[in-house]
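All remarks here apply to the structure that follows.
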There are 2 protein chains.
Amino acid sequence: MSAPSRSRSGPGDPPRAGRRRAAHLGPAIRRPQVLDATLKLLVEHGYAGTSMGAIADAVGVTKPVVYECYPSKRELFGALLEREEGRIVAAIGSALGEEWKPVEESEEAYTQGFTALLTAARDAPDSWRIVFDSRGGPDPAVERRAREVRTLVVERLAAMIAAALEAGDRPRHGGDPARVAPVLAEMVVAIGESGVRTMLTTEGAWTPAELGSLLGRVAARGIEDL
Amino acid sequence: MSAPSRSRSGPGDPPRAGRRRAAHLGPAIRRPQVLDATLKLLVEHGYAGTSMGAIADAVGVTKPVVYECYPSKRELFGALLEREEGRIVAAIGSALGEEWKPVEESEEAYTQGFTALLTAARDAPDSWRIVFDSRGGPDPAVERRAREVRTLVVERLAAMIAAALEAGDRPRHGGDPARVAPVLAEMVVAIGESGVRTMLTTEGAWTPAELGSLLGRVAARGIEDL
DNA sequence: GACCGATCCTACCGACGGGTAGCTTTTCGT
DNA sequence: ACGAAAAGCTACCCGTCGGTAGGATCGGTC
């Protein structure tokens, strides 16, 4: 699970165990295949542990074909991040919704949000891992982008929570909303991540709706009357 | 922040920019220095991105000296993990305490636990990162060990939460405690991690006690009456 | 002040990874 | 059926990395 090297043994680069010549599909078709393979390997072995040769093998092709799709390793991973970032942002958008619901319905709002998030996470878990769990990044620029996405999510959530805190006219115990909201936002995101982990490790024991409901209840109760 | 290469430029291995010969300290003294340097680099660049040469440079020494301390890269990282694992387990022990407090005081129990955790995390943040955020591990064996520590923590917490859920004689909405407790445990751990992140990113804006109190309140309220 | 073991350093090896040049095979239009 | 463009493949370059041999230096001892 951790040895990224392909099954090599010969002296030169090409192991070419009796693999058949790959079909002539062309860069346009190959590019998404390359990204898919890269995503999988990246999650398993990290950036430095993922070699272009291993990616080529995973696609069932040789290195120059990969380089025909992306001119360098950096650009490949940059493109990958961009694609996953798009997926994440779209999912987050639908999970958070555009408007903050009234406080009375906040539990329902959280439940819906978590459910949407968990559904998206179940359908494309690696996309989430790459952003929320990004370490050992490609190079400073790409890694920074990954962190920025997370920061963006947390900030948007923080703004929504701050608005909700201020809207409520009950006594405040937690101090200044502007100070507390970011912490709570970070926490809500963490709760979402914990849900993703739960779904992945228990594999089918929970449905997104079921788990989302549980998480939503906990999050809403924890935050209300703060 | 992401280029693990040392400042090399010459053709061979040794850059030897005008560094002075290191003092004769010996393996026994050097070993902890090597572990410290390795931990720092590991957190920054991941396993594959951390070279023995870079470690040597960080210690202010050359590669053979590092190999005098640990016979291989694998063993070095194994020893590192063992040390950090010990620190973590000790901190967790004091954070969780030995007994589960009555439900009435659960908020206080959580607060104390989080505060202890955050204090430990503040004092040795990298120890935590390496375990909770372990990806691209050294080799299957070592990486597995890292995950086991996390699993252990979550399991112990789950047992305590399950006990607390069953002890409470109030109506249950969340379903079977044995099913719900692991999810909540995962969540509490996630909340703790979010607290660590908050402390790291806001750098001094929160004290462990203050933040621990906030997190404890949220966690306790979220879980009680479930 | 000369010896000696412990310690460190220079210089190197084989393997692997990113990246490329140029040949071979497939595919497709005519 | 044939030729050329498109796509893949082999074989290689160069730099870095894990790891090692053997010479240089330090620090204490007699």
Side-chain angles (χ1 to χ4, degrees), chain A residues 3-31 33-34 38 41-42 45-78 138-139, chain B residues 3-31 33-34 38 41 45-78 136 138-139:
Chain A
S5 66
R6 14 191 202 145
S7 58
R8 312 216 21 273
S9 64
D13 233 359
R16 306 300 89 223
R19 220 202 70 234
R20 282 244 262 265
R21 187 188 183 89
H24 282 39
L25 303 181
I29 311 268
R30 284 261 128 92
R31 253 183 283 260
Q33 298 180 358
V34 170
T38 303
L41 291 172
L42 174 59
H45 306 296
Y47 174 78
T50 301
S51 73
M52 296 297 271
I55 293 170
D57 274 8
V59 180
V61 113
T62 54
K63 278 199 294 175
V65 175
V66 175
Y67 279 97
E68 204 64 32
C69 298
Y70 298 96
S72 72
K73 189 180 182 183
R74 277 235 300 259
E75 295 214 29
L76 198 176
F77 282 79
D139 69 330
Chain B
S5 65
R6 14 194 201 140
S7 57
R8 312 215 21 274
S9 63
D13 234 0
R16 307 297 90 228
R19 220 202 68 234
R20 283 243 261 265
R21 186 187 182 89
H24 284 38
L25 303 181
I29 309 269
R30 290 251 179 253
R31 254 183 283 261
Q33 299 180 357
V34 170
T38 303
L41 290 172
H45 307 296
Y47 174 78
T50 301
S51 73
M52 295 297 270
I55 293 170
D57 275 8
V59 180
V61 110
T62 56
K63 279 199 294 175
V65 175
V66 175
Y67 279 97
E68 204 65 33
C69 298
Y70 298 96
S72 72
K73 189 179 181 183
R74 277 236 298 260
E75 295 213 29
L76 199 175
F77 281 79
D139 68 330

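Protein chains get the first letters and strands the later ones, always in sequence-line order, with residue 1 at the start of each. Treat the numbers as computed from the prediction; the structure is a model and nothing was measured.
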Looking at [atom1] of [X] and [atom2] of [Y], how far apart are the two atoms once the value is rounded to the nearest 0.5 Å?
| X | Y | atom1 | atom2 | answer |
| --- | --- | --- | --- | --- |
| A/Tyr47 | A/Arg74 | OH | CZ | 7.0 Å |
| B/Ser51 | B/Lys63 | OG | NZ | 8.0 Å |
| A/Met52 | A/Leu41 | CE | CG | 11.5 Å |
| A/Ile55 | A/Tyr70 | CD1 | OH | 10.5 Å |

Could you state the [atom1]-[atom2] distance from [X] to [N], rounded to the nearest angstrom?
| X | N | atom1 | atom2 | answer |
| --- | --- | --- | --- | --- |
| A/Arg31 | D/dA7 | CZ | P | 10 Å |
| B/Met52 | C/dC8 | CE | P | 15 Å |
| A/His45 | C/dG17 | NE2 | P | 11 Å |
| B/Lys73 | C/dC16 | NZ | C1' | 13 Å |
| A/Gln33 | D/dA7 | CD | C1' | 13 Å |
| B/Ile55 | D/dG19 | CD1 | P | 10 Å |
| A/Tyr67 | D/dA6 | OH | P | 23 Å |
| A/Asp57 | D/dC9 | CG | P | 11 Å |

Which atom of [X] lies closest to which atom of [Y], heavy atoms considered:
| X | Y | answer |
| --- | --- | --- |
| A/His45 | A/Thr50 | CB-OG1, 4.0 Å |
| A/Gly60 | A/Ala22 | O-CB, 3.5 Å |
| B/Arg30 | B/Ala23 | NH2-O, 2.7 Å |

Kindly point out which of [options] is positioned nearest to the side chain of [X]?
| X | options | answer |
| --- | --- | --- |
| B/Pro27 | D/dC17, C/dT7, D/dT10 | C/dT7 |
| A/Leu25 | C/dT10, D/dG18, D/dG8 | D/dG8 |
| B/Val65 | C/dT20, C/dC9, D/dT10 | C/dC9 |

Tell me, for nucleotides 25-30 of chain D in 5' to 3' order, what letter each nucleotide earns: B for a base near a protein heavy atom under 4.0 Å, S for only sugar-phosphate near one, - for neither? BB----
Given the structure, check if the side chain of B/Lys63 and the base of D/dG18 hold any donor-acceptor pair shorter than 3.5 Å.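 Such a pair exists between side chain and base.
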For side-chain contact (heavy atoms from CB on, under 4.5 Å), just list the numbers for A/Val65 and A/Val59, CA-CA rounded to whole Å, side-chain angles, deciding distance to a tenth of an Å, and then say yes or no. CA-CA 10 Å; A/Val65 175; A/Val59 180; over 6 Å; no
Just to confirm, is there a sub-4.0 Å distance from OP1 or OP2 of D/dG8 to any side-chain nitrogen or oxygen of A/Arg30?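 It does, given that an N or O in the side chain of A/Arg30 lies less than 4.0 Å from OP1 or OP2 of D/dG8.
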End axis versus end axis in the helix from C/dG1-D/dC30 to C/dT30-D/dA1, the angle rounded to 10°, five pairs used at each terminus: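 Here the helix ends are tilted 10° relative to one another.
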If the condition is side chain to side chain contact (heavy atoms under 4.5 Å, CB included), which residues does A/Ile29 pass it with, not counting sequence neighbours?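 Applying side chain to side chain contact (heavy atoms under 4.5 Å, CB included) to A/Ile29 gives A/Leu25, A/Gln33.
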